[in-house]
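Here is how names work: the chains are called A, B, and so on, in the same order as the sequence lines, proteins then strands, and each is numbered from 1.
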Amino acid sequence: MKKTINQIIDGLFTNNPVLVQLIGMCPTLATSTSLSNAIGMGLAAAFVLICSNIVISLLRKLIPSKVRIACYIVVIAGFVTVLDLLMQAYLPDLSVSLGMYIPLIVVNCIILARAEAFASKNGVFRSMIDGLAMGLGFTFALCLLASMREIIGAGTIYGIPLFGANYQPVTMIVQAPGGFLCLGILIAAFQVVIKKVKGRKS
Amino acid sequence: MKNTPVAMISVLAIICLAVSALLGFVNFLTEDTIAEIAEAKVQAAMADIIPNATFEQVDATAYPAVTKMYKATSTSGENAGVCVQLSSSGFAADIVLIVGINADKTIAGVRITSINETAGLGSKANDPAWLSQFEGLTGTLNLVKNSKTADNDVVAISGATVTSTAVTKGVQTALDAAADYLGGGK
């Protein structure tokens with residue numbers, strides 16, 4: 001139990017895939033323009049991550065090491081397509097707003113990295129928890145960045161206007177350059193917080 | 001498993017087969033729902049543009065730029081114009097438009113069913129306030145910057161000329177096709 005909690009804390013904070021490991025930057029920048037997109041993208045990636053981690057962990061002794069990457073990609077691509085079809089059928093609005101980025105989960109390096117670094121070496125339960133922890137960590141980082149960008153760049157949060165009609169949104173923030181700026185500031189701030197917390201513990 | 005050629009090929013092949021089977025199954029489950037949603041979206045947009053009418057798809061092969069054309073018939077049985085679905089290439093991807101044209105060849109309304117333009121700039125094209133300026137126009141549309149000076153002027157979104165042009169072009173194409181169709185007296 002304690003190990004599970006540690007794994008979750010690791011995924012959310014100390015080893016956060018986006019803010020500490022710095023992987024999965026492309027979908028992070030692309031889908032963090034609004035909070036609703038961020039939550040949708042984060043949960044979609046978490047779903048794929050949990051499923052692919054479970055399957056890859058189950059198959060880890062069967063897959064010959066030389067073709068492992070090809071096998072992982074086929075499994076991941078399969079789950080992403082399943083998710084894409086399910087979203088188009090049952091969550092059409094979200095599917096429209098995330099558009100191109102759902103198929104691109106296939107090449108989200110968080111998923112391949114966790115398959116290679118964790119699921120291929122650990123048991124099914126641990127791998128599932130790792131998928132959940134990293135998925136939540138990705139969602140958490142996306143939500144932080146998206147809130148920042150949506151509040152400054154559009155003056156809304158989750159589509160609800162915050163500042164009234166007189167607020168002139170800083171549109172640059174919801175575009176690519178603003179994404180880089182916000183991400184940089186966020187990573188720096190996160191490092192400071194993590195260091196402070198760690199310093200207090202030791 | 002060992003890295004023998006047979007093991008490598010067979011494991012990868014089995015995984016591919018299993019994944020394909022799963023995909024085939026999910027596609028079978030969702031196919032109809034996805035098609036229904038797409039059709040419902042088009043119907044809802046058309047009903048929004050031309051209220052109290054029924055829509056019937058007609059042959060649009062004479063107009064290659066048009067994806068689909070629907071003939072509108074009002075509840076009292078009169079000709080209520082046509083709705084045209086087409087895509088126009090925007091800044092990032094194709095913009096899919098539905099343009100409703102009244103029986104008198106004026107634009108009844110424009111709706112966007114798919115748009116993937118830059119957030120905050122091109123995406124403003126989907127703003128009902130911007131799209132509403134097409135309503136009532138007819139003939140040849142003229143895209144202008146800043147402010148409207150003539151009846152057929154359409155004011156472009158500042159910072160999104162490509163998107164504004166794409167939408168206006170799409171509406172023009174739809175209008176021409178519809179005018180031709182209605183004018184033919186079919």
For [X], look at atom [atom1] and say whether over 12 heavy atoms of other residues, nucleotides or ligands are found less than 6.0 Å away.
X	atom1	value
A:Tyr167	OH	yes
A:Phe180	CZ	no
B:Lys148	NZ	yes
A:Phe190	CZ	yes
B:Glu39	CD	yes
B:Lys145	NZ	no
B:Asp104	CG	yes

Partner chain B: residue of A:Val174, A:Val75, A:Thr81 with the largest heavy-atom pair count (under 4.5 Å):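 Of the candidates given, the most pairs with chain B belong to A:Thr81.
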Residue, of A:Val55, A:Thr171, A:Leu86, A:Leu85, that accumulates the most heavy atom pairs under 4.5 Å with chain B: A:Leu85
Trace of the side chain to side chain contact (heavy atoms under 4.5 Å, CB included) decision for A:Phe79 with B:Val19: CA-CA 8 Å; A:Phe79 280 120; B:Val19 171; over 6 Å; no
Segment of A:Ala70 engaging chain B (4.5 angstrom heavy-atom cut-off): both
Structural part of A:Gln175 lying under 4.5 Å from a heavy atom of chain B: side chain
Which atom names give the shortest non-hydrogen contact between [X] and [Y], and what distance separates them?
X	Y	answer
B:Thr30	A:Tyr90	CG2-CE1, 4.2 Å
A:Ala89	B:Thr33	O-CG2, 3.6 Å
B:Leu23	A:Gly78	CD2-O, 3.5 Å
A:Gln88	B:Ile37	O-CD1, 3.5 Å

From [X] atom [atom1] to [Y] atom [atom2], the distance as rounded to the nearest 0.5 Å:
X	Y	atom1	atom2	result
B:Ile14	A:Cys71	CD1	SG	10.0 Å
A:Met87	B:Ile34	CE	CD1	11.0 Å
B:Ile15	A:Ile73	CD1	CD1	12.0 Å

Part of B:Asp32 within contact of chain A (heavy atom distance under 4.5 Å): neither
With sequence neighbours excluded, residues passing side chain to side chain contact (heavy atoms under 4.5 Å, CB included) with B:Ile115: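 Applying side chain to side chain contact (heavy atoms under 4.5 Å, CB included) to B:Ile115 gives B:Ile95, B:Ile112, B:Glu117, B:Ala125, B:Asn126.
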